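This report refers to the structure that appears directly beneath it.
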Amino acid sequence: MANTMIGSARTLALLAIFVVGAAAAAPTSDASAEIDHLREYLSGSGCEFERNGKWHDAASARKHIDRKYRYLLDRDQITSAEQFIERAASRSSTSGKGYRVRCGSGAPVEAARWLGQELTRHRGT
């Protein structure tokens with residue numbers, strides 16, 4: 001009887017590990033392609049990005065957001081382009097302050113809105 005209970009406990013523990021592992025997922029190939037597009041759009045934009053009150057060029061912004069993206073990917077916290085925008089590219093993880101984008105002489109806009117509009121355009125919807 002004790003061996004049966006130990007065996008059942010092990011089976012439940014393995015099942016729990018499997019279920020938790022199955023819940024964590026990487027982006028689909030379509031989502032990865034959309035995220036890659038947004039990253040390229042950002043770096044090729046020629047726009048400036050405000051992060052925590054300081055303006056940065058597009059290349060610096062791309063480097064920063066890529067670091068955040070890799071960190072979140074390693075923890076299975078991004079599975080879609082929307083999550084990429086929300087969790088990696090729209091606000092500071094430290095201060096919680098939103099990122100802004102300024103292109104040319106235009107007024108700054110929220111990075112989440114700017115990237116969201118590009119995602120919609122890219123999808124053709």
Side-chain angles (χ1 to χ4, degrees):
M1 175 102 170
N3 284 341
T4 302
M5 288 175 46
I6 292 171
S8 295
R10 284 186 184 148
T11 301
L12 286 174
L14 289 173
L15 181 60
I17 290 169
F18 175 75
V19 169
V20 169
T28 64
S29 60
D30 287 345
S32 289
E34 289 178 340
I35 292 166
D36 289 345
H37 170 77
L38 291 173
R39 293 167 56 230
E40 287 297 319
Y41 180 72
L42 180 143
S43 61
S45 70
C47 298
E48 296 177 288
F49 295 80
E50 183 187 31
R51 188 176 85 235
N52 292 322
K54 294 184 181 176
W55 288 96
H56 304 271
D57 65 19
S60 296
R62 165 81 187 256
K63 282 183 184 180
H64 175 74
I65 289 171
D66 281 353
R67 278 193 303 272
K68 286 179 69 175
Y69 178 49
R70 281 191 302 276
Y71 176 87
L72 293 165
L73 270 181
D74 288 347
R75 285 150 185 81
D76 294 321
Q77 294 182 9
I78 293 185
T79 59
S80 68
E82 289 83 2
Q83 286 179 340
F84 166 76
I85 293 169
E86 177 189 338
R87 297 176 182 174
S90 65
R91 69 181 166 290
S92 170
S93 304
T94 306
S95 70
K97 188 174 181 180
Y99 297 156
R100 296 190 312 160
V101 179
R102 180 173 61 198
C103 299
S105 61
V109 297
E110 293 177 358
R113 186 173 124 214
W114 187 77
L115 288 167
Q117 287 173 340
E118 175 55 22
L119 180 60
T120 298
R121 189 203 64 76
H122 178 70
R123 288 176 172 167
T125 55

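This structure is a prediction, so every number in the text was calculated from the model and none was measured.
Between I78 and A88, the shortest heavy-atom distance links the atoms CD1-CB, 4.3 Å. Looking at every heavy atom in both residues, R91 comes nearest to G96 through CD-O, 3.7 Å. Among all heavy-atom pairs drawn from P27 and Y69, the shortest one is CG-OH, 4.3 Å. Closest approach of L38 and L119 over heavy atoms only: CD2-N, 4.0 Å. The nearest pair of heavy atoms linking A58 to G46 is CB-N, 4.2 Å. V101 approaches C47 most closely through the heavy-atom pair CG1-CB, 3.8 Å.
With rounding to the nearest 0.5 angstrom, the CG atom of L73 is 7.5 Å from the OG atom of S32. Expressed to the nearest 0.5 Å, how far CZ of R39 lies from CZ of F84 amounts to 6.5 Å. Separating the CD1 atom in I35 from the CD1 atom in I65 is a distance of 12.5 Å, to the nearest 0.5 Å.
Ring geometry for W114 versus F49: interplanar angle over 60°, hence perpendicular rather than tilted (30 to 60°).
Panel note: side chain R87, backbone L72; no donor-acceptor pair is recorded below 3.5 Å. No donor-acceptor pair under 3.5 Å is formed between the side chain of E86 and the backbone N or O of E82. In this structure, S90 contributes its side chain and I85 its backbone to a donor-acceptor pair below 3.5 Å.
A salt bridge links E40 and R62; the closest N-O separation between the charged side-chain nitrogens and carboxylate oxygens is under 4.0 Å.
Within a 6.0 Å sphere centred on CZ of R113, other residues, nucleotides and ligands contribute 12 heavy atoms or fewer. For CD of E110, the number of neighbouring non-hydrogen atoms (other residues, nucleotides, ligands) closer than 6.0 Å is 12 at most.
Under the 4.5 Å side-chain heavy-atom criterion for Ile, Leu, Val, Met, Phe, Trp and Tyr, V109 and Y41 are members of the same hydrophobic cluster.
Two residues are said to be in side-chain contact when any heavy atoms from C-beta on lie closer than 4.5 Å; P108 and E50 fail this criterion. Counting heavy atoms from C-beta outward, R51 and H56 have side chains that approach closer than 4.5 Å.
In this structure, R67 is not positioned above the aromatic face of Y71 in the sense of NZ or CZ being under 6.0 Å from the six-membered ring centre and within 45° of the axis.
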